[in-house]
A.B. asks: 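Have a look at the structure that comes next, please.
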Amino acid sequence: MALGESWRSGALALVDALEARGLVAEVWGHGAVRVRNPAGEPDTDDPQGQVFAPGLRQEVLCRPREGVLWWLWVWSGPTPSSPVELEPLCPVADTATAADRIARVLAVPFAGPSSASVSSGGCG
């Protein structure tokens with residue numbers, strides 16, 4: 001199964017679901033969604049924080065897996081020169097599960113609605 005354009009509607013649905021949870025998300029590149037939690041951003045008047053604290057960010061990729069489109073977590077490799085590692089998140093069609101899990105990873109305890117609205121649950 002080629003990725004083609006079939007991922008786009010899933011990506012747009014995921015962006016909407018993430019934004020409903022208080023996160024900022026955008027479709028990025030071919031099959032990628034980048035997400036950040038504004039509550040985890042360093043203060044704009046803190047130069048040291050701006051340099052050393054990149055904030056809470058996550059990227060997921062849409063890729064075929066056993067004939068079905070899936071969201072895959074994108075994790076940094078063990079060293080800066082290592083390739084990224086991909087881990088299955090859930091099928092693209094399961095937008096609510098993907099958004100809940102991403103919101104949980106990016107949660108800032110006691111920071112407001114994005115951390116309070118995350119429900120538990122899983123895919124598969």
A.B. asks: Enter the distance from L61:CG to L69:CG here, rounded to the nearest 0.5 Å.
C.D. replies: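 It is 12.0 Å, given to the nearest 0.5 Å.
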A.B. asks: Taking only residues two or more places apart in sequence, or in another chain, which ones meet E87 in a side chain to side chain donor-acceptor pair (under 3.5 Å)?
C.D. replies: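 Result, side chain to side chain donor-acceptor pair (under 3.5 Å) vs E87: W75.
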A.B. asks: Do any pairs count as a ring pair (Phe, Tyr, Trp, His ring centres under 6.0 Å) and have a residue in residues 82-107, sequence neighbours left out, and if so which ones?
C.D. replies: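 Every candidate ring pair (Phe, Tyr, Trp, His ring centres under 6.0 Å) pair involving residues 82-107 fails, so no pair, neighbours aside, qualifies.
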A.B. asks: What's the shortest heavy-atom distance between N37 and L106, and which atoms?
C.D. replies: ND2-O, 2.7 Å
A.B. asks: Contact between L86 and V74 at the side-chain level, heavy atoms closer than 4.5 Å - yes or no?
C.D. replies: yes
A.B. asks: Check the pair V35, V105 against side-chain contact (heavy atoms from CB on, under 4.5 Å), reporting the backbone distance first and the verdict last.
C.D. replies: CA-CA 11 Å; V35 189; V105 165; over 6 Å; no
A.B. asks: Checking S76 now: which residues fulfil side chain to side chain donor-acceptor pair (under 3.5 Å) with it, not counting sequence neighbours?
C.D. replies: none
A.B. asks: If you look only at pairs with a residue in residues 29-38, which of them pass as a salt bridge (Lys or Arg N to Asp or Glu O under 4.0 Å), with sequence neighbours excluded?
C.D. replies: R34-E59, R36-E41
A.B. asks: If every non-hydrogen atom of E85 is compared with every non-hydrogen atom of P78, which pair is closest and at what distance?
C.D. replies: OE2-CD, 3.5 Å
A.B. asks: Please find the pair of heavy atoms, one from G77 and one from S82, that lie closest to each other, and give the distance.
C.D. replies: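 Residues G77 and S82, closest heavy atoms: CA-CB, 3.8 Å.
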A.B. asks: Determine, using the 4.5 Å side-chain heavy-atom cutoff (strictly less than), whether V24 and V15 are members of one ILVMFWY cluster.
C.D. replies: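 They do not share one cluster, since no chain of ILVMFWY contacts under 4.5 Å joins V24 to V15.
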A.B. asks: Could you give the distance from CZ (R101) to CH2 (W71), rounded to the nearest 0.5 Å?
C.D. replies: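 Output value for this atom pair is 14.5 Å.
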A.B. asks: Can you give me the closest heavy-atom contact between C62 and W7, atom names plus distance?
C.D. replies: SG-CB, 3.4 Å
A.B. asks: Do I102 and L14 make a side-chain contact, defined as non-hydrogen atoms from C-beta onward lying under 4.5 Å apart?
C.D. replies: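 Result yes, sub-4.5 Å side-chain heavy-atom pair found.
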A.B. asks: How would you list, by chain and number, every residue that makes a side chain to side chain contact (heavy atoms under 4.5 Å, CB included) with A17, sequence neighbours excluded?
C.D. replies: R21, T95, A99
A.B. asks: Going from CD on Q58 to CG on L23, what distance comes out if it is rounded to the nearest 0.5 angstrom?
C.D. replies: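 Separation between the atoms: 11.0 Å.
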A.B. asks: Among residues at least two apart in sequence or on other chains, which ones pass ring-ring contact (aromatic ring centres under 6.0 Å, His included) with W28?
C.D. replies: none
A.B. asks: To the nearest 0.5 Å, how far apart are CD in E19 and CD in E26?
C.D. replies: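 Rounded to the nearest 0.5 Å, the CD-CD separation comes out at 9.5 Å.
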